Amino acid sequence: MFQSCERVWINVNLATLDTAVEQPYGALHDQAIGVRGGRIVAIGPMVTLDRSCITGEVIDAAGNWMTPGLIDAHTHLVFAGNRAQEFEQRLSGVSYEEISRSGGGILSTVNATRKSGVEELVRLSEPRLMALMAEGVTSVEIKSGYGLNVKTELDMLRAARCMAERYPVRVSASLLGAHALPPEYRNDADGYIDLVCNEMIPAAVGEGLVDAVDVFCETIAFTPAQCERVFKVAQQYGLGIRGHVEQLSNQHGAALAARYDAWSADHLEWLDEAGVAALAEHGTVATLLPGAFYFLRETKLPPIDLLREYRVPMAVATDLNPGSSPLASLRLMMNMACVLFRLTPHEALAGVTRNAAQALGLGDDLGMLRVGMRADMLLWDIQHPAELACQYGVNSIKQRIFAGEEANV
Ligand code: NIG
Ligand code: FE
C-alpha cells in the first residue's frame with residue numbers, strides 16, 4: 001500500500017489511540033504511515049518497509065511522535081464582548097448563579113452578540129480559533145447560544161461555517177438556542193422553547209448550518225421537560241443531540257439526553273450513578289470541562305471513578321466561552337483534566353482525540369491513526385506522549401497535517 005501513497009512519514013512513533021492496539025496510547029514504535037486522498041492508507045513497521053517502492057513524498061520523522069489531530073468537542077468561541085468585570089465580581093464573592101439571575105452572565109454576552117453581524121463575529125472569533133489551531137486542534141465544535149433569537153442564532157452558526165471555509169479546520173456546529181431565556185420571553189420559557197423548536201431548528205436545518213442541538217438543563221436555564229421538547233424535534237430532523245447537564249445541580253439531564261441517544265453529555269459535576277449507567281447504556285460520551293470547573297472554583301468533582309467503572313468514554317474540551325471558561329487552550333485542559341480530575345495522561349489524550357470524535361458523532365472518521373481514517377495528524381517534538389498532558393505553554397508541534405497536507409498555523 002505504501003507504493004500508492006502521496007506522502008509517507010518514516011521513522012515515526014505512533015500514538016494511534018486505536019482501541020485495537022492494546023498498548024498505552026495505542027503506541028506503535030518505528031513505523032511508517034502513508035496518506036492518499038486525505039486519508040490514512042498504510043501503516044506498517046519500518047523493518048518491513050521497502051523504501052524503493054515509494055513514489056510519493058517521503059518525510060523522515062527522525063523518531064518523533066505522531067498523534068491524531070486534536071479535537072475540541074465543546075466550545076462557544078463565537079461571541080462578542082467580554083465579561084472580565086464579572087470575573088472581578090466573582091473574585092469579590094458574587095456567585096455565577098447570582099450574576100446570571102441579576103441579568104448578567106450569558107445575557108450580557110447576548111446583548112453584545114446581537115449588535116454584531118456575521119463578519120464582525122468572524123473577526124472577533126478568529127483569534128480564539130487560531131489559538132486552538134496553533135496548538136494542534138484540527139476539529140472543533142462551535143455552538144450558537146448568544147443570540148437567543150432566530151437572526152442572531154443563525155448568524156453565529158453562519159460565522160462558524162464561514163471560518164470552516166477559510167481555515168484548515170473541521171467545524172461541527174451546534175444550535176444552542178435553549179441556552180438562556182431571552183428578556184423578550186421573561187416568564188414564558190415554554191413560549192421560547194416553541195420558538196426554538198418551530199422556527200430556529202427548521203431555519204438552521206434549512207440553511208444547512210447545524211449538525212446537532214444542545215441545551216442548558218439547569219435551574220437557571222431550562223427544565224428537563226423543556227429540553228426534551230428540543231431533543232424530540234432534533235431527532236425528527238436527524239440532528240445529533242448534546243447537552244449541558246449536571247453542571248450546577250442534578251436535574252437528571254444526562255439520563256434524559258442518553259435516552260435520546262445523545263452524542264455527548266457535558267460538564268457532569270453533579271452526575272449520579274444512575275446517570276452514569278444511562279450514559280453507558282446508550283453509548284453517550286461524557287465530555288469533561290475542567291476549565292469551567294477551575295474558573296468557577298467548583299469543588300464538586302465529576303464522578304470519574306464511576307465513569308471508568310461503567311466504561312463511559314470520556315472526552316475533554318475547553319468550553320471556551322466568555323463567562324465560565326475564557327481559556328483558549330486544549331493542551332491546558334489536558335493538564336487540568338489530569339491535575340484536577342485525576343485522569344491519566346493517556347485518558348486525557350484519548351479525551352481530545354478518539355473520544356472527542358465520538359462526542360461529535362465522527363468516531364468512524366476521526367480521532368485515531370488507523371487505515372481508513374481521515375489524515376488529520378500532528379507530528380510532535382516530544383520524547384513520550386505523556387508530555388502532551390504534562391507540559392503546557394511550549395509549542396512542540398513540528399508539523400500540523402490536515403487532510404493529509406501540511407497545514408501549519
Ligand atoms: O458551558 N453552562 C452554560 N453555558 C456555558 C457558559 C456560558 C457563559 O457563561 O457564557 C458553559 O459553562
Ligand atoms: Fe458550554
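The residues of the chain are indexed from 1 along the displayed sequence. Atoms within a ligand are numbered from 1 in the order they appear, just like the ligands themselves. Because only heavy atoms are used, hydrogens play no part in the values below, and waters and symmetry mates are left out as well, while side chains stay in. As the structure is a computational prediction, the values presented were derived from the model and not from experiment.
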Chemist: Heavy-atom distance under 4.5 Å between the side chains of Pro224 and His252, does that happen here?
Modeler: no
Chemist: Please confirm whether Ile106 comes under 4.0 Å of ligand 1, counting heavy atoms of the residue only.
Modeler: yes
Chemist: Suppose we measure from atom 12 (O) of ligand 1 to each protein heavy atom; which comes out shortest, and what is that distance?
Modeler: Ser324 OG, 2.5 Å
Chemist: Between His74 and Asp319, does a side chain to side chain donor-acceptor pair (under 3.5 Å) hold up when you go through it step by step?
Modeler: CA-CA 5 Å; His74 181 140; Asp319 197 14; 2.8 Å; yes
Chemist: Surrounding CG of Asn111 (heavy atoms of other residues, nucleotides or ligands, distance under 6.0 Å), is the total greater than 12?
Modeler: yes
Chemist: Could you tell me the residue and atom name of the protein heavy atom closest to atom 9 (O) of ligand 1, and the distance to it rounded to 0.1 Å?
Modeler: Tyr96 OH, 2.4 Å
Chemist: State yes or no: are the ring centers of Trp263 and His282 separated by less than 6.0 Å?
Modeler: no
Chemist: Using heavy atoms and a threshold below 4.0 Å, how should the contact between Gln247 and ligand 1 be classified: side chain, backbone, both, or neither?
Modeler: side chain
Chemist: So does Arg7 pair up with Glu406, basic N to acidic O under 4.0 Å?
Modeler: no
Chemist: So, are Arg39 and Asp365 salt-bridged, with charged N and O less than 4.0 Å apart?
Modeler: yes
Chemist: Give me the residue, atom name and distance of the protein heavy atom closest to atom 4 (N) of ligand 1.
Modeler: His179 NE2, 2.9 Å
Chemist: Return the option from Phe79, Phe293, Phe295, Tyr146 holding the heavy atom at the smallest distance from atom 7 (C) of ligand 1.
Modeler: Tyr146
Chemist: Is the distance from the Fe ion (ligand 2) to the nearest N/O/S atom of His76 under 2.8 Å?
Modeler: yes
Chemist: Report the atom name of the nearest N/O/S atom of Asp319 relative to the Fe ion (ligand 2).
Modeler: OD1
Chemist: Considering only heavy atoms of His267, which atoms of ligand 1 have at least one such atom less than 4.0 Å away?
Modeler: 1 (O), 2 (N), 11 (C), 12 (O)
Chemist: Just which atoms of ligand 1 are under 4.0 Å from any heavy atom in His74?
Modeler: 1 (O)
Chemist: What is the closest protein heavy atom to atom 11 (C) of ligand 1, and at what distance does it sit?
Modeler: Asp319 OD2, 3.2 Å
Chemist: I'd like to know if the side chain of Asp211 and the backbone of Ala173 have a donor-acceptor N/O pair within less than 3.5 Å.
Modeler: yes
Chemist: Hey, are Glu120 and Arg123 close enough for a salt bridge, meaning a charged N less than 4.0 Å from a carboxylate O?
Modeler: yes
Chemist: Contact between ligand 1 and Glu218 is defined here as a heavy atom of the residue under 4.0 Å from a ligand atom; is it met?
Modeler: no
